[in-house]
Amino acid sequence: MRVGIDVGGTHTDAVLMAETTVVAEIKTATTLDVTSGVVTALERLLATSGAERGHITAVMIGTTHFTNALVTGRRLARTAVVRLALPATAALPPLVDWPDRLIRAINPSIHMCDGGHEFDGRPISPLKPEQLKRIAAELSAHEIDTVAISSVFSPSTPSWRSGPPTSCSRSCHTYT
């Protein structure tokens with residue numbers, strides 16, 4: 001199942017989908033702290049639907065608040081950035097083209113691991129869970145609990161979605 005969330009200026013809408021079927025939908029008030037509003041929407045959506053967290057395979061969030069936070073560089077959490085694509089993307093590390101002010105705002109812990117897929121679904125290299133477990137332990141030791149995981153062509157490869165988040169989810173807020 002997938003979750004879609006739209007954070008607007010007044011209301012936050014969330015929907016739970018199973019393939020093309022709407023399982024549940026909710027509307028909550030948008031909060032000044034976007035994260036707590038999104039968490040509230042997710043909690044209410046799961047409670048309303050009766051769905052278990054483990055059955056959620058993806059969460060998509062659309063909001064101008066995120067864009068505004070990036071533009072202003074304010075109220076951003078320290079974030080680990082994990083890219084699964086080695087050896088293919090070693091020449092261009094994550095955040096290579098981000099503005100310095102934004103990099104300073106999130107004070108990132110950057111990691112590159114094996115994994116990822118070609119545009120046609122062929123693996124670039126096998127995912128190595130031990131790499132992710134090592135990173136999760138390092139992040140926990142440094143009290144970094146916000147993690148953004150990206151992988152080359154991951155949206156087109158459903159099998160990828162069950163791997164990386166599981167390795168970090170016990171100790172981190174993971175965004176894939």
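These figures come from a predicted structure and were not determined experimentally. In what follows, residues are counted from 1 in the order of the sequence shown.
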For this session: Just jot down the side chain to side chain contact (heavy atoms under 4.5 Å, CB included) partners of R74, sequence neighbours excluded, or say none.
Result: T72

Exercise. Can you hop from L84 to L86 via hydrophobic side chains spaced under 4.5 Å?
Worked result: no

Problem set entry | Heavy-atom closest pair, residues S36 and T31 | OG-OG1, 3.6 Å

For this session: First locate atom CE of M1, then atom CZ of R53, and finally report the distance between them rounded to the nearest 0.5 Å.
Result: 13.5 Å

Exercise. Is the count of non-hydrogen atoms from other residues, nucleotides or ligands lying under 6.0 Å from E130 atom CD greater than 12?
Worked result: yes

For this session: State whether the side chain of Q131 and the backbone N or O of D114 hold a donor-acceptor pair below 3.5 Å, judged by distance alone.
Result: yes

Exercise. Partners of T40 by side chain to side chain contact (heavy atoms under 4.5 Å, CB included), sequence neighbours excluded?
Worked result: R44

Exercise. Does any non-hydrogen side-chain atom of V147 lie less than 4.5 Å from one of L139?
Worked result: yes

Donor-acceptor pairs under 3.5 Å, side chain of residues 88-108 to any protein atom, not counting sequence neighbours: which ones?
unit_1	atom_1	unit_2	atom_2	d
T89	OG1	R83	NH1	3.1
R101	NH1	L70	O	3.4
R101	NH1	V71	O	3.3
R101	NH2	V71	O	3.1

Side-chain atoms of residues 7-28: list all donor-acceptor pairs with protein atoms under 3.5 Å, sequence neighbours left out, distances to 0.1 Å.
unit_1	atom_1	unit_2	atom_2	d
T12	OG1	T30	OG1	3.0
D13	OD1	K27	NZ	2.8

Exercise. Counting distance only, does the side-chain N/O of S49 pair as donor-acceptor with the main-chain N or O of L46 below 3.5 Å?
Worked result: yes

For this session: Could you walk me through whether V3 and M60 pass the side chain to side chain contact (heavy atoms under 4.5 Å, CB included) test, one step at a time?
Result: CA-CA 6 Å; V3 173; M60 282 71 64; over 6 Å; no

For this session: Please examine the side chains of R2 and T57, heavy atoms only from C-beta on, and report whether any two atoms are closer than 4.5 Å.
Result: yes

Exercise. Looking only at heavy atoms, which two atoms of C113 and V82 are closest? And how far apart?
Worked result: SG-CG1, 4.1 Å

Seminar exercise, completed: Residues passing the side chain to side chain donor-acceptor pair (under 3.5 Å) test with S109, sequence neighbours excluded, are H111

Exercise. With side chains defined as the heavy atoms from C-beta onward, is the minimum distance between L45 and I5 less than 4.5 Å?
Worked result: no

For this session: Spell out, yes or no, whether I144 and M112 are grouped together once hydrophobic residues are joined by side-chain heavy atoms under 4.5 Å, including indirect joins.
Result: no

